[in-house]
Number of protein chains: 2
Amino acid sequence: MQKKTFNTTLSLRDFVKTKRKDLGFTQKMLADKAGVGLRFIRELENAKPSLQMNKVNQVLLLFGYELGPVPLNRKKMMDEKS
Amino acid sequence: MQKKTFNTTLSLRDFVKTKRKDLGFTQKMLADKAGVGLRFIRELENAKPSLQMNKVNQVLLLFGYELGPVPLNRKKMMDEKS
DNA sequence: AATAATTATACCCTTACGGGTACAAAGATA
DNA sequence: TATCTTTGTACCCGTAAGGGTATAATTATT
């Protein structure tokens with residue numbers, strides 16, 4: 001029942017990590033399914049700031065998400081699962 | 001009074017273009033204020049898919065926005081001004 | 001119409017992204 | 001403990017991103 005608040009700005013890494021584990025994927029599995037390299041997934045989950053948008057979108061697409069402009073300091077609510 | 005619907009997914013370019021003109025900036029002014037090159041602003045407003053997130057965020061920051069994961073097919077409402 | 005301002009396209013160049021790979025570190029399982 | 005899996009860090013390298021600049025094309029503005 002507990003929900004987790006996360007800052008959309010700072011937690012793209014946490015978003016990916018959470019979604020990935022929700023699906024029971026390893027980094028390698030996610031990389032293969034997204035069509036990116038394993039190193040990229042690791043850089044993404046380690047919050048490398050200079051990642052290319054199209055590559056990030058290839059990953060987010062698997063979760064039904066994509067990169068878009070969101071207001072700063074925006075907080076979102078997300079269930080622990082799904 | 002008319003509001004414009006835009007798909008967050010496809011219209012990062014339109015978002016930037018609209019916000020820029022709302023502030024009365026030229027591409028060059030926006031580039032200088034954001035600390036990126038003029039060419040980058042043009043590629044951004046022309047929807048180049050492989051732009052680097054940190055550069056895009058330097059621009060969105062001026063508008064009080066940033067890149068974040070948004071659900072696919074999400075539609076947002078935005079006033080013509082502000 | 002002409003002129004000025006803004007935007008689009010193209011070229012060269014330096015930098016670094018991203019892939020691949022290997023190895024180390026951390027977690028899990030028995 | 002040892003063993004296996006998963007994740008993190010480091011290296012080399014091809015290639016594309018992004019800046020600068022110049023020139024065309026487009027769009028005001030008069």
Side-chain angles (χ1 to χ4, degrees), chain A residues 2 4 6-63 65-70 78 80-82, chain B residues 2 4 6-63 65-70 78 80-82:
Chain A
Q2 39 184 338
K4 228 180 176 179
F6 67 93
N7 191 313
T8 307
T9 305
L10 303 177
S11 62
L12 178 62
R13 53 170 297 180
D14 294 327
F15 179 84
V16 172
K17 200 173 283 189
T18 302
K19 285 289 187 182
R20 173 173 65 82
K21 297 195 172 178
D22 284 349
L23 297 179
F25 290 167
T26 66
Q27 290 179 339
K28 177 92 173 67
M29 292 166 66
L30 182 59
D32 291 340
K33 287 186 178 289
V36 300
L38 173 57
R39 231 195 50 180
F40 179 84
I41 297 296
R42 290 174 177 164
E43 291 173 336
L44 175 57
E45 293 193 357
N46 279 329
K48 184 174 184 177
S50 53
L51 300 174
Q52 294 179 8
M53 287 187 59
N54 56 335
K55 300 283 182 176
V56 176
N57 278 326
Q58 288 182 33
V59 176
L60 295 184
L61 187 62
L62 296 178
F63 307 138
Y65 280 73
E66 65 189 342
L67 283 180
V70 297
M78 193 174 84
E80 293 287 351
K81 307 185 178 272
S82 161
Chain B
Q2 39 184 338
K4 230 180 174 179
F6 67 93
N7 190 313
T8 307
T9 304
L10 303 176
S11 62
L12 179 61
R13 52 170 298 180
D14 294 327
F15 178 84
V16 172
K17 200 174 283 190
T18 302
K19 285 289 186 182
R20 173 173 65 83
K21 297 195 172 177
D22 284 348
L23 296 179
F25 290 167
T26 66
Q27 290 180 339
K28 176 93 173 65
M29 292 166 65
L30 182 59
D32 291 340
K33 286 185 179 291
V36 299
L38 172 58
R39 235 195 45 181
F40 179 83
I41 297 296
R42 289 172 181 165
E43 291 173 337
L44 175 56
E45 294 193 356
N46 280 331
K48 184 175 183 177
S50 53
L51 300 174
Q52 295 178 11
M53 286 187 59
N54 56 336
K55 300 285 180 177
V56 176
N57 278 327
Q58 289 181 32
V59 176
L60 295 184
L61 188 62
L62 297 178
F63 307 138
Y65 279 72
E66 65 190 340
L67 284 179
V70 297
M78 192 173 86
E80 293 285 351
K81 309 186 176 268
S82 162

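Quick caveat: nothing in here was measured; it's all calculated off a predicted structure. Side chains are part of it too, since the values below use all heavy atoms of this structure and drop only hydrogens, waters and symmetry mates.
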Between Arg20(A) and dT7(D), does any side-chain N or O lie under 4.0 Å from OP1 or OP2? yes

Strictly below 4.0 Å, heavy-atom distances to any atom of DNA chain C: list the hits from residues 50-63 of chain A, or just say none. Ser50(A), Leu51(A), Gln52(A), Lys55(A)

Contact residues, residues 24-33 of chain B to DNA chain C [heavy atom, < 4.0 Å]: Thr26(B), Gln27(B)

So which atom in [X] and which in [Y] form the shortest heavy-atom distance, rounded to 0.1 Å?
X: Pro69(B); Y: Tyr65(A); answer: C-CD2, 3.7 Å
X: Val70(A); Y: Leu67(B); answer: CG2-C, 4.4 Å
X: Met29(A); Y: Gly24(A); answer: CE-O, 4.0 Å
X: Gly35(B); Y: Gln58(B); answer: O-OE1, 3.5 Å
X: Arg13(B); Y: Leu44(B); answer: CB-O, 3.5 Å

Taking [atom1] from [X] and [atom2] from [N], how many angstroms apart are they, rounded to a whole number?
X: Arg42(A); N: dA10(D); atom1: CZ; atom2: C1'; result: 12 Å
X: Leu44(A); N: dG8(D); atom1: CG; atom2: P; result: 11 Å
X: Leu38(B); N: dT7(C); atom1: CG; atom2: C1'; result: 8 Å
X: Ile41(A); N: dT7(D); atom1: CD1; atom2: C1'; result: 13 Å
X: Glu43(A); N: dA10(D); atom1: CD; atom2: P; result: 12 Å
X: Arg39(B); N: dA10(C); atom1: CZ; atom2: P; result: 12 Å
X: Asn46(B); N: dT7(C); atom1: CG; atom2: P; result: 11 Å

Looking at [atom1] of [X] and [atom2] of [Y], how far apart are the two atoms once the value is rounded to the nearest 0.5 Å?
X: Asn46(B); Y: Leu51(B); atom1: CG; atom2: CG; value: 10.0 Å
X: Arg20(B); Y: Lys33(B); atom1: CZ; atom2: NZ; value: 13.5 Å
X: Met53(B); Y: Leu12(A); atom1: CE; atom2: CG; value: 5.0 Å

Which angle, rounded to 10°, do you find between the first-five-pair axis and the last-five-pair axis of the helix from dA1(C)-dT30(D) to dA30(C)-dT1(D)? 60°

Leu23(A) and Lys19(A), any side-chain heavy atoms less than 4.5 Å apart: no

Kindly indicate whether the side chain of Thr18(B), heavy atoms from C-beta on, has any atom under 4.5 Å from the side chain of Phe63(B). no

Do you know which of Val59(B), Asp14(B), Val16(B) makes side chain to side chain contact (heavy atoms under 4.5 Å, CB included) with Glu45(B)? Val16(B)

Lys17(B) vs Lys48(A), nearer the 5' end of DNA chain C by closest nucleotide: Lys17(B)

